[in-house]
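Okay, so here's the structure we're looking at.
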Amino acid sequence: MSPRKPNMESSIYLGSDGWFHGRVTMGVKDDGSPDRRHRRAKTETEIKRKVRELEDLRDRGRAPKAGRKPTVAQWMTTYLTDIASLKLKPRSLDDYWSKTRNDIIPGIGQHRIDKLQPEHLERMYRVMLDEGHAPSHVLKVHRILSRALKIAHRRRMIVENVATLVDPPTVDETEANPFTTQEAKAFLEAAAKRPTFMRWCVGVGMGFRQGETLGLRWPYVDLDNELFRPEWQLQRLTWRHGCKDPHACGAKFHRFEPCPPDCSTHKGYKRGCPKPCLEGCTSHARACPDRKGGGLVFTRPKTKKSRNAVPIPPPFIPYLREHQAQQEDARAEAGDGWEDHKLVFTRPDGRPLDPRQDWEEFKDLLAEAGIDDRRLYDGSRHTAGTILNELGVDMPTIMEILRHTQISQTRRYVKGRPHLSKDAMRRMGDTFMPRSSEPNPASTDRRSARAAQRRRRIR
């Protein structure tokens, strides 16, 4: 009778099928039953190697949990629904969902997360780049996938996060193109002809983000102490289903076949034909009778630092008081039709300004002021940071005004000017090099006489 093997000792044997089999005890399952893992190989050397690898993972506490692992599509759905939704802001979560539905699931969604290889990710990134996606878009997809796999690795669902083995595309940082002082003045002169003049003064002159400006409320404006407190921001969020069966709710909107090349249905769409729906599609929540959480919504800024009070430039105060008085007149004129959100900048009926229309107005003002096209961020935060730097304001103070958490972030918002660099180097030269003095007539005559004498000797 052979002695009994010690607890946790593995067994290796040659099966009747001609394969070598290995059984490794990893512990117990969630239901209390023994967790025995199986490996097989053609040779005894190979099966011993596989068994040692499994034992090493067990001893280091890095062995994946028992059971069939989910596919990438299943895990991304679980990650976004139950994990990321507890931490991410609504707009960020919408972006995660969008890139998961449109890029990750079609690319590698059918692979099991424990069978995923670096080559699968690299192939997906190459296809995305060939389809015309920007490298920055591919990099965002890589970061989303890497974060989801990091959570799976932390929970011992996979042995290794393969996203850490892949180099995503290199992205060149978008160069800021802020207004010059003359361009900023021309822009505000064009804006002065519109009812939204003060909205652009706050954006350009104080560096507020678009959502912070449109979400600014009178209870958080202290005109006496000259302070703005951006406690809220206005954002447009994606609608979510409130019904129990999102797939059936959007049945009449599902499209599983791509549009033909000469599609006329979506001719007027700026982004072209929409992509076909995925199997089990739960989109189209905008048509749900119980939809929730979408449209124009007031949300908190991303960080606590973003809610810090910002001093109002004193010259802005009279214009803000006049703007407040005009808004009171508009409220009285609208009567019951006024929607009171206590907003500083509103439509004629008190409703919030639409961010899309606000962006279009910015483009119109650029054309009216004769300024070349640029991003809204360039004309607000980047402009404020750059002009403050030109005025001699130190970097920590600019960081406080723009409400950044790190000064390295502030430096990306400040662009150097060529004329300032030239003036700085002129002053540097004046510091180190002596000024050239006026020529002395007597010394000049002596040098001329010596030169004439040398010429005579030569002759």
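Residues: numbered from 1 along the sequence shown. Note that the structure is a prediction, hence the values are computed from the model and not measured.
Looking only at distances, a side-chain donor or acceptor of Trp75 sits under 3.5 Å from a matching main-chain atom of Ala148. Formation of a donor-acceptor pair under 3.5 Å by the Lys305 side chain with backbone atoms of His404 is found in this model. Gln327 places a side-chain N or O within donor-acceptor distance of the main-chain N or O of Val344, the cut-off being under 3.5 Å. Of the possible polar contacts, none joining the His382 side chain to the Val414 backbone as a donor-acceptor pair under 3.5 Å is found. In this structure, the side chain of His241 does not engage the main chain of Cys288 through any donor-acceptor pair within 3.5 Å. No side-chain donor-acceptor contact under 3.5 Å links Trp232 to the backbone of Leu216. At distances below 3.5 Å, at least one donor-acceptor pair connects side-chain atoms of Arg381 with backbone N or O atoms of Leu402. In this structure, His254 contributes its side chain and His247 its backbone to a donor-acceptor pair below 3.5 Å. The main-chain N or O of Ile104 is never found under 3.5 Å from a side-chain atom of Lys99 such that the two would form a donor-acceptor pair. For Asp340 (side chain) and Gly350 (main-chain N/O), no donor-acceptor pair under 3.5 Å exists by modelled atom type.
Atom CG in Asn102 sits 7.5 Å away from atom NE2 in His137 (nearest 0.5 Å). Atom CD of residue Glu122 and atom NE2 of residue His142 lie 10.0 Å apart, to the nearest 0.5 angstrom. Note: Leu188 CG to Met198 CE = 9.5 Å, rounded to the nearest 0.5 Å. In this structure, Ile151 CD1 and Tyr79 OH are separated by 6.0 Å, a value rounded to the nearest 0.5 Å. The distance from the CZ atom of Arg36 to the OG atom of Ser11 is 4.5 Å, given to the nearest 0.5 Å. Summarising the geometry, atom CZ belonging to Arg255 is positioned 7.0 Å from atom SG belonging to Cys273; distances are rounded to the nearest 0.5 Å.
Smallest separation of non-hydrogen atoms from Leu121 and Ala163: CD2-CA, 3.8 Å. Counting all heavy atoms, side chain and backbone alike, Leu223 lies closest to Leu320 at CD2-CD1, 3.9 Å. A pairwise comparison of heavy atoms in Ser146 and Asn161 identifies O-ND2, 3.3 Å as the closest pair. Here the closest non-hydrogen pair linking Ala152 and Ile113 is CB-CD1, 4.2 Å. Closest approach of Arg351 to Asp349, counting heavy atoms only: NE-OD2, 2.8 Å.
Heavy-atom contacts from other residues, nucleotides or ligands closer than 6.0 Å to CD of Glu328 number more than 12. A 6.0 Å sphere centred on NZ of Lys89 holds more than 12 heavy atoms belonging to other residues, nucleotides or ligands. Crowding of Arg194 atom CZ: a count of heavy atoms from other residues, nucleotides or ligands under 6.0 Å exceeding 12. Residue-environment remark: CD (Gln110) stays at or below the threshold of 12 foreign heavy atoms within 6.0 Å. The environment of Lys363 atom NZ is dense: over 12 non-hydrogen atoms of other residues, nucleotides or ligands sit within 6.0 angstrom.
Side-chain N/O atoms of Thr71 and Arg112 include no donor and acceptor closer than 3.5 Å.
A salt bridge between Arg37 and Asp35 is present, with a side-chain N of the basic residue lying under 4.0 Å from a carboxylate O of the acidic one. Salt-bridge formation is detected for the pair Arg321/Asp224: a Lys NZ or Arg NE/NH1/NH2 atom is positioned less than 4.0 Å from an Asp or Glu carboxylate oxygen.
A ring-centre distance under 6.0 Å is not found for Tyr377 and Phe362.
Between Phe197 and Tyr319, the ring-plane angle classifies as perpendicular under the 30° and 60° cut-offs. Between Phe345 and His323, the two ring planes are tilted [angle within 30° to 60°].
No cation-pi contact links Arg147 to Tyr96, judged by a cut-off of 6.0 Å to the six-membered ring centre and 45° from its axis. For the pair Arg403 and Phe208, the cation-pi criterion (under 6.0 Å, within 45° of the ring axis) is fulfilled.
Not counting sequence neighbours, the partners of Asp378 by the salt bridge (Lys or Arg N to Asp or Glu O under 4.0 Å) test are Arg375.
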### Task
Could you give me the CA-CA distance, side-chain angles and deciding distance for Cys201 and Phe316, then say whether side chain to side chain contact (heavy atoms under 4.5 Å, CB included) is met?
CA-CA 8 Å; Cys201 285; Phe316 285 16; 4.2 Å; yes

### Task
Please test Arg199 against Asp358 for salt bridge (charged side-chain N to carboxylate O under 4.0 Å, His left out), starting from the C-alpha separation and ending with a verdict.
CA-CA 10 Å; Arg199 176 264 175 274; Asp358 182 75; 2.7 Å; yes

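Between His21 and the options Arg39, Arg40, His38, a side chain to side chain donor-acceptor pair (under 3.5 Å) holds for only His38.
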